[in-house]
Amino acid sequence: MTSPRVQPAAPPAAARPPGAVGRTRWFIIWLAFAGLTINYLDRSSLSVALPFMGEDFHLSSTQQGFVFAAFFWAYDVFQLAAGWYVDKVGPRRSFTIAAICWSVFTMATALARGFWSLITVRFLLGAGESPAPSTAAKVVATWFPVRERAFATSVWDSGSRVGAVIALPIVTLIVAVTSWHTVFIVIGCAGLLWALVWWKVYRGPREHPSCTAAEADYIESGGARAAANDDEAAAALSWRSLFRYRAVLSMMFGFFCLNSVIYFFITFFPSYLVTERDFDLLQLGFFGAVPGICAVVFGWLGGLAADRAVRRGHTVNRVRKVTIVGGLTGGSVIMFAALVPEAWMALVLLSVAYSSLTVAGTGIWSLPADIAPSSRHVGMLGGIQNFASNFAGILTPILVGVLVDHTGSFVAPLMVIGCLALLGALNYLVLLGRVQPLRVKAA
């Protein structure tokens, strides 16, 4: 008589192939990607529509710079409160309320009638959008193990590039068929629809009906930031204490340097192609999308490569620094785009710069989850570094507008922001320190 065969015990979730534990986390992050895409579509629509709003608005380059900057005055001021709010109420509520607000204020842009009304609606839009990036960083920290963190970050962060890219063909098409007023109504409605879906779908791993126990175990055992794993002393650390850490100050300054270049693409890039390279409406809608498309693809590839390096045993410290420093160095080639004689040469260099900066961005937005002393500080750290970075959103459009008005070209502003990219790379290389959770400092 043969003895019954003993079934082997199931391997722990962390040891199983990722596909065997479920993929709800990927559905969640792609839904966040859709939200950030709409977020940046709303943000970028004015920069595309403004060159074709001349019949209603007669704005100098300096005035346009102030209009673009108005968004960032509010967006930046609200970042610290937004980071605290995300940690307090969680991603479900923070993302839903933010999407409703930014969608309503986007639609209100259609009612603008002059310089000051544009300033007002852009300021309100900035306030409404402020919780979005910290919320997405919190979602990654909650739903993903360390070995998948970079690619998950690249997915939601690429929404900013996709939103900016599709703004070109979508806005130009709507303007050509109807009017610039219709642009803001259509994309505002898209945001309201997404807010409804997010509210219905989003839950934490342990509460989500589609997330199995095996997937939740895989996420938590892989280093996801959860309240159950927090050190009590670290969790009690106040948000003001975070400014005592050199790593946090380095994150703030470095992200400022990155965004000094990124926000050129979000604000003056369409105007640069029209005025400096003589692009017409069709060329702007088609060729103007090339740098953004390249940035999306290389952002994803950079995230995949970073996660693969972590799985192969390279330290998170080394992977993040190589990604960020290399990306910012590559982004500095934007300064040469102003010097080449042909438009296609400029597009190649701009595509290289934007792609490199996007790769750096996946590392930068992974840092809040890597460095936060507890799960309760991920949103706050995201808000802090984004607060500093968006001073670039306030200063860069004004600086570019003033330099263009005074020099008659984009050569000087592109040289300045290219040098800032190199300064940012040096900052992360020298000042950031080791990428690891912050330790509680003695009072």
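Bear in mind that the values here come from a model prediction, so they are computed numbers and not experimental data. These values consider heavy atoms only, across backbone and side chains, with no hydrogens, waters or symmetry-generated copies.
- In this pair, W198 and W194 present their aromatic rings parallel. The plane angle is below 30°, not in the 30 to 60° band.
- Scored by the side chain to side chain donor-acceptor pair (under 3.5 Å) test, S158 finds W300 as partners (sequence neighbours excluded).
- Under the rule for a side chain to side chain donor-acceptor pair (under 3.5 Å), the partners of W102 that lie at least two apart in sequence or sit in another chain are D42.
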Report task. Start with the C-alpha gap between W84 and F78, add the side-chain angles, then the distance that decides, and say whether ring-ring contact (aromatic ring centres under 6.0 Å, His included) holds. Result -> CA-CA 10 Å; W84 170 86; F78 282 91; over 10 Å; no
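- No side-chain donor-acceptor contact under 3.5 Å links R149 to the backbone of V140.
- Looking at D307, its side chain does come within 3.5 Å of a backbone N or O of A150 through a donor-acceptor pair.
- Listed by first and then second residue, the ring-ring contact (aromatic ring centres under 6.0 Å, His included) pairs involving residues 349-369 are W156-W365, F255-W365, F265-Y354 (not counting sequence neighbours).
- For F27 and W143, the ring centers are positioned 6.0 Å apart or more.
- Side chain of K321 to backbone of G433: a donor-acceptor contact under 3.5 angstrom is found.
- Between the side chain of T362 and the backbone N or O of V359 there is at least one donor-acceptor pair closer than 3.5 Å.
- Side-chain contact of D157 with S154: a donor-acceptor pair under 3.5 Å is absent, judged by distance alone.
- Of the options R25, R311, R308, a salt bridge (Lys or Arg N to Asp or Glu O under 4.0 Å) to E148 is made by R25 and by none of the others.
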